[in-house]
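These numbers come from a predicted model, not from an experiment. Both ligands and their constituent atoms are indexed starting at 1 by order of listing.
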Amino acid sequence: MHLLDQIAEWVRTTPEKLAHISNDRRMTYGELGARSDALAAWLDAELGERRVPVAIHGHKEPEMLITFLAAVKTGRPYVPIDVSTPTTRVERVMEVSEAGVLLTPEKVAAIPTSASYEAARRVGESDPFYVLFTSGSTGEPKGVVITLANLNHYLGWMRGAHEFVPGGEVFLNHAPFTFDLSVHDIYLALSTGGTIFSLTKETAADFRQLFEALRNCGATQWMSTPSFAQMCMIERGFSAAMLPAMKRFFFCGETMAPETGAQMLERFPGVEVWNTYGPTEATVAVTSVPVTRELIAEWNPLPIGRVMPGTQIIIRGENGQPVPAGERGEIIIAGPNVSPGYLRRPDLTEKAFAPHEATRCYRTGDWGRDRDGVIFCEGRMDNQIKLHGHRIELGDMEANLRDLDEIADAVVLPVKKGDRVDSVAAFVVLSGPKQGSDFEQAAKLKTKLGERLPPYMVPRKFVFLDSFPMNANGKADRKQLAATIGQ
Ligand code: AMP
């Protein structure tokens, strides 16, 4: 059954049931159905025949979900843009995506609910369903296109491998809607008649509010980065007593430390803990493994698990051929979950994607190993990092720093604590005299960069240099620079 029909069935049979909770706002299935119909009619009137993406700039408001459904009901993909995105970056996303309209929760809220909408051309299997923008190494955000077929493959895997009680699950949603972990929450909830309980970034940043929300959410399902769980574990009360209904934790998006797994098992006895892995380009996740005491005792780092049915993982060597079993190479994902590519960027698409048998494959840029079908992810081959769960290309930060008038050249390096990236440091050669102290100059640059990049992409530390040390190739010597900050 079409995903939209599955959701429509819950709208019809359980209109009073809560589909979404965010702060003090509650939206029922009935409301979600009626308001997304009204917006769909409005979009058709506004955009006519143009099958252009529908962008929405917001955070965790119910209007975000209303817009997502309205867009796909009209056959248009949606592009979520988080409120934390500065205006210039929003403009870039609008340009790259050629979105036909930029909505906000307020605009959507102002559209009156009308009679029901008869979908003339809803999104089909091979049509783009959503476009998520991610950091691009040249300073330009790139839009990952995910089709309904891609999404269905993911949802089919999850629903086949795990029990989600129809009408009985509450999905704790921590990830922003611009990060595809939220896709897991949204569509597993809406297709099984469950409730999405969204944490806003304000709530997540305030421990009192956060733990109060967790105590009251009734969540049965959890999908987040390990970073978020680690943060929650600072509070000793973060345990089964706080989340008594919890059945299953999925972790994805970054390396899961064995200690995190061990602590989760200890604090939530009897609750499933899964380590899952996947890039946005392959729709949320492609491998998974239950984290058990035995697994933790056996492996460090933990494996990312076995690949989902219908999809293949190939570990490829430098010569483009699969490496012998157990050896290290690049993780290539091939299957129906692999995106058609980056929106309007055939150049980038060609570099990272290729046809593979009846489907497509994606070069992840991750080092990996396959031990008897169990996959291990061993870090990046390039300058992409994960900072507190956010995917960042260091080149994106560098390009945006170099674009500032005050800066002649910039190199950005991760600052690690143990294996984890804790912050980012920028090494900068100024184009003119320094303005004020190091601290004052850094503050000025942070403000200017903050007008171009989201807050998590602004380096914490700035180091001012007259010139960069060079390596034998005449490039800035990153190793030497890293050594100056004890890395
Ligand atoms: P994103 O597109 O934001 O989901 O980021 C995808 C990247 O995050 C992958 O290519 C990996 O580098 C990393 N990643 C995702 N899941 C895991 C995991 N379970 N363990 C280690 N790295 C992961």
- Query: Which ligand 1 atoms are under 4.0 Å away from a heavy-atom of Thr280?
  - Reply: 1 (P), 2 (O), 3 (O), 4 (O)
- Message: Once rounded to the nearest 0.5 Å, what's the spacing between atom SG of Cys217 and atom CG of Leu243?
- Response: 5.0 Å
- Is it the side chain, the backbone, both or neither of Arg380 that has a heavy atom closer than 4.0 Å to ligand 1? side chain
- Is Arg248 salt-bridged to Glu272, going by a charged N under 4.0 Å from an acidic O? yes
- According to the interplanar angle, ranging from 0 to 90°, do the rings of His390 and Tyr456 count as parallel (below 30°), tilted (30 to 60°) or perpendicular (above 60°)? parallel
- Item | Sub-6.0 Å ring centroid separation between Phe171 and Trp222 | no
- Using the test ring-ring contact (aromatic ring centres under 6.0 Å, His included), find all partners of Phe68 that sit at least two apart in sequence or belong to another chain. Tyr78, Phe177
- Note on the structure: Any heavy atom of Thr276 under 4.0 Å from ligand 1? The part involved is backbone
- Query: Just heavy atoms, cut-off under 4.0 Å: does Phe251 contact ligand 1 by side chain, backbone, both, or neither?
  - Reply: neither
- Query: Does an N or O from Gln384, backbone or side chain, lie closer than 3.5 Å to an N or O of ligand 1?
  - Reply: no
- Message: Need the ligand 1 atom indices (1-based, order shown) with element for anything under 4.0 Å from a heavy-atom of Lys386.
- Response: 1 (P), 3 (O), 4 (O), 5 (O), 6 (C), 8 (O)
- Query: Among all protein non-hydrogen atoms, which one is nearest to atom 18 (C) of ligand 1, and what is the separation to 0.1 Å?
  - Reply: Glu254 O, 3.2 Å
- Does Thr255 approach ligand 1 within less than 4.0 angstrom via side chain, backbone, both or neither, non-hydrogen atoms only? both
- Charged N-O contact under 4.0 Å between Arg51 and Asp127: no
- Task: Report the C-alpha separation of Ile296 and Val291 in whole Å, then their side-chain angles, then the decisive distance to 0.1 Å, and conclude whether the side chain to side chain contact (heavy atoms under 4.5 Å, CB included) test is met.
- Result: CA-CA 7 Å; Ile296 294 168; Val291 177; 3.8 Å; yes
- Message: Just to be sure I read this right, does ligand 1 sit under 4.0 Å from the backbone of Ile304, its side chain, both, or neither, counting only heavy atoms?
- Response: side chain
- Message: Within the 4.0 Å heavy-atom shell around Gly253, which atoms of ligand 1 are there?
- Response: 8 (O), 13 (C), 14 (N), 15 (C), 16 (N), 17 (C), 23 (C)
- Message: Under 3.5 Å between any N/O of Asp366 and any N/O of ligand 1: does that happen in this structure?
- Response: yes
- Query: Going by the atom numbers of ligand 1, which of them fall below 4.0 Å from some non-hydrogen atom of Phe179?
  - Reply: 3 (O), 4 (O)
- side-chain hydrogen bond (donor to acceptor under 3.5 Å, both in side chains): pairs with one or both residues in residues 477-487, sequence neighbours excluded: Glu398-Arg478
- Classify the ring geometry between Phe249 and Phe251 as parallel (under 30°), tilted (30 to 60°) or perpendicular (over 60°). parallel
- Query: Heavy-atom distance to atom 4 (O) of ligand 1: which of Cys377, Gly379, Ser288, Gly278 wins?
  - Reply: Gly278
